[in-house]
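Reminder, nothing fancy here: chain letters follow the sequence lines and each chain counts from 1.
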Number of protein chains: 2
Amino acid sequence: MVSKTISDFYHKHRQELLYGVSLALLLFVLRWFELRFLILDHIIEIYVGAIALLFTGLGIWLAHKLTTPKVETRIVEREVYVTAGDEFTVNEPERLRLGISQRELEVLQLVAEGLSNQEIAERLFVSLNTVKTHSSRIFEKLEVRNRTQAVERARRLRLIA
Amino acid sequence: MVSKTISDFYHKHRQELLYGVSLALLLFVLRWFELRFLILDHIIEIYVGAIALLFTGLGIWLAHKLTTPKVETRIVEREVYVTAGDEFTVNEPERLRLGISQRELEVLQLVAEGLSNQEIAERLFVSLNTVKTHSSRIFEKLEVRNRTQAVERARRLRLIA
DNA sequence: TTTCGAGTCATACTTTCGGGTGATTTTGTC
DNA sequence: GACAAAATCACCCGAAAGTATGACTCGAAA
């Protein structure tokens, strides 16, 4: 119980402890040198300089180690314009009038989403040729010449969302 | 009011405070050792401690100043509902944001009407290649791969009618 | 004056689209 | 079962779309 607490404390404050211990050691060593060689008075400037440098480094190290990585989250809102309100329902009479089959409408929807024929084929688990056939028929029935016009027209007729 | 400020200060500067306290403790311990072992030159300890403290602070300050905050840009698409009846106006901010030129927008408009590149070229009295260049740039800027997706996206962003 | 963005055009190449035609299979209905 | 519509797939071929790269002009801004 106690050892766990101590262990936790150690893990949480390892940095601080390490720093404290190293600081103490350093001062001890310095003091030791000081006594050992009696050179204190002569090179006091160098001594202080060394201390300053060392502790500046330590400070930087500390800051890097201890500071939680500063992540500034910048949220950029991008407005997406959508027409309001009524959820979409297929204009069934129009679909029947034009003789567009269910499957064709399905393809048409995917065409409108900007998928290529190949992508549509994969999505519907059919061959590329099948998709082509469908889209060709759609173009005929909608009396258009390409997919862009087909989407345009289908939207106007409320055949797709 | 005041206690809140202090609390905030504590939470924000916990590391620094901890460091200060531990340094003080350390000095105290050193002083104790000093007395213990009859080390007399205690002024120098305080001096060195002060230097250390100062330059550690400097280091921390430096690190803080020099560290460029990591900026995480998060784009959030916000839906803006538009009433169906209003006449169209180009979303100019969006156009500028995406860096879409006036001419490109013009081409985009015609693409949306279902015209082929050749037809657009004739309409604008430019070459087919020019239209292709324009549309390619449009696709890049809208981050899409074909004209159908471009129209889809442009409509959502209210870049075209 | 240099620089830069916008617009223009070209060449070469790859990929996708769309038309035409025919065929087989599935499915629902009489 | 017969029939019809729907759905599936194939092959061919030309047209259109899209990519990559480079270059030239022009006018505005630095």
Side-chain angles (χ1 to χ4, degrees), chain A residues 90-157 159-160, chain B residues 90-157 159-160:
Chain A
V90 178
N91 185 351
E92 200 62 16
E94 197 63 27
R95 186 181 76 82
L96 294 175
R97 191 180 72 78
L98 295 172
I100 294 175
S101 76
Q102 209 62 54
R103 194 60 158 173
E104 284 163 354
L105 196 65
E106 209 169 339
V107 171
L108 183 54
Q109 179 65 57
L110 296 178
V111 166
E113 289 175 20
L115 301 191
S116 69
N117 286 341
Q118 185 59 56
E119 288 169 330
I120 294 171
E122 284 160 15
R123 185 79 73 89
L124 297 180
F125 303 105
V126 296
S127 82
L128 173 60
N129 288 314
T130 303
V131 176
K132 282 186 176 187
T133 307
H134 282 315
S135 55
S136 278
R137 291 202 194 294
I138 293 168
F139 298 158
E140 281 176 25
K141 289 171 183 176
L142 288 178
E143 296 174 301
V144 296
R145 285 187 312 287
N146 58 54
R147 50 181 57 221
T148 312
Q149 288 181 349
V151 172
E152 176 78 4
R153 184 146 183 73
R155 275 200 211 288
R156 283 204 189 289
L157 298 174
L159 294 173
I160 57 177
Chain B
V90 177
N91 185 349
E92 198 62 14
E94 198 62 27
R95 185 181 76 81
L96 294 174
R97 191 181 74 78
L98 296 171
I100 295 175
S101 74
Q102 209 63 55
R103 193 59 157 175
E104 285 164 353
L105 195 65
E106 211 169 339
V107 171
L108 183 55
Q109 179 65 55
L110 295 177
V111 167
E113 289 174 20
L115 301 191
S116 69
N117 286 340
Q118 185 60 58
E119 287 168 331
I120 294 172
E122 284 160 14
R123 186 78 73 90
L124 298 180
F125 302 107
V126 295
S127 82
L128 173 61
N129 286 314
T130 303
V131 175
K132 283 187 176 186
T133 305
H134 281 317
S135 54
S136 277
R137 290 200 196 294
I138 292 168
F139 299 158
E140 280 177 26
K141 290 171 182 175
L142 289 179
E143 295 174 303
V144 296
R145 284 187 311 287
N146 58 53
R147 51 181 57 222
T148 313
Q149 287 182 348
V151 172
E152 175 79 5
R153 184 139 187 76
R155 275 200 212 287
R156 280 206 187 287
L157 297 175
L159 294 172
I160 57 177

Asks: Let me know, please, whether A:Arg137 or B:Ser101 comes out on the 5' side of the other along DNA chain C by nearest nucleotide.
Replies: B:Ser101

Asks: Do you know which two heavy atoms are closest between A:Arg123 and A:Leu115, and how far apart they sit?
Replies: NH2-CD1, 3.4 Å

Asks: Can you spot which of B:Arg147, B:Lys132, B:Glu122 makes a side chain to side chain donor-acceptor pair (under 3.5 Å) with B:Asn117?
Replies: B:Arg147

Asks: So which atom in A:Ala112 and which in B:Thr148 form the shortest heavy-atom distance, rounded to 0.1 Å?
Replies: O-CG2, 4.2 Å

Asks: Please enumerate all residues that pass salt bridge (Lys or Arg N to Asp or Glu O under 4.0 Å) together with A:Arg145, with sequence neighbours excluded.
Replies: B:Glu119

Asks: Using the C1' atoms of five pairs at each end, what's the angle between the two axes of the helix from C:dT1-D:dA30 to C:dC30-D:dG1, to 10 degrees?
Replies: 50°

Asks: Taking DNA chain D as the partner, which of residues 117-136 of chain B come within under 4.0 angstrom of it by heavy atom?
Replies: B:Asn117, B:Lys132, B:Ser136

Asks: For the pair made of CZ in A:Arg147 and P in C:dG19, what is the distance, rounded to whole Å?
Replies: 11 Å

Asks: Are the charged groups of B:Arg155 and A:Glu152 less than 4.0 angstrom apart, N to O?
Replies: yes

Asks: Quick one: is C:dG18 close enough that its OP1 or OP2 comes under 4.0 Å of any side-chain N or O from A:Arg145?
Replies: no

Asks: Write down the distance between CD (B:Glu143) and P (D:dT19), rounded to a whole number of angstrom.
Replies: 14 Å

Asks: Restricting to non-hydrogen atoms, name the atom on A:Leu105 and the atom on A:Ile100 that form the minimum distance, rounded to 0.1 Å.
Replies: N-CG2, 4.0 Å

Asks: From NZ of A:Lys141 over to C1' of D:dA5, roughly how many Å is that when rounded to an integer?
Replies: 10 Å

Asks: Between B:Val107 and B:Ile120, what is the shortest heavy-atom contact and its length?
Replies: O-CD1, 4.2 Å

Asks: How long is the line joining CG of B:Leu108 and C1' of C:dA6, in whole Å?
Replies: 17 Å

Asks: C:dA6 P sits how many Å from B:Glu140 CD, rounded?
Replies: 13 Å

Asks: How many Å lie between CD on B:Glu106 and P on C:dA6, as a whole number?
Replies: 15 Å

Asks: Report the distance from atom CZ of A:Phe139 to atom P of C:dG19, rounded to the nearest whole Å.
Replies: 7 Å

Asks: Charged N to carboxylate O under 4.0 angstrom, B:Arg95 versus B:Glu104?
Replies: no

Asks: Could you tell me whether B:Glu140 and B:Arg137 have a side-chain N and a carboxylate O separated by less than 4.0 Å?
Replies: no

Asks: Taking CD from B:Gln149 and C1' from D:dA17, how many angstroms apart are they, rounded to a whole number?
Replies: 14 Å

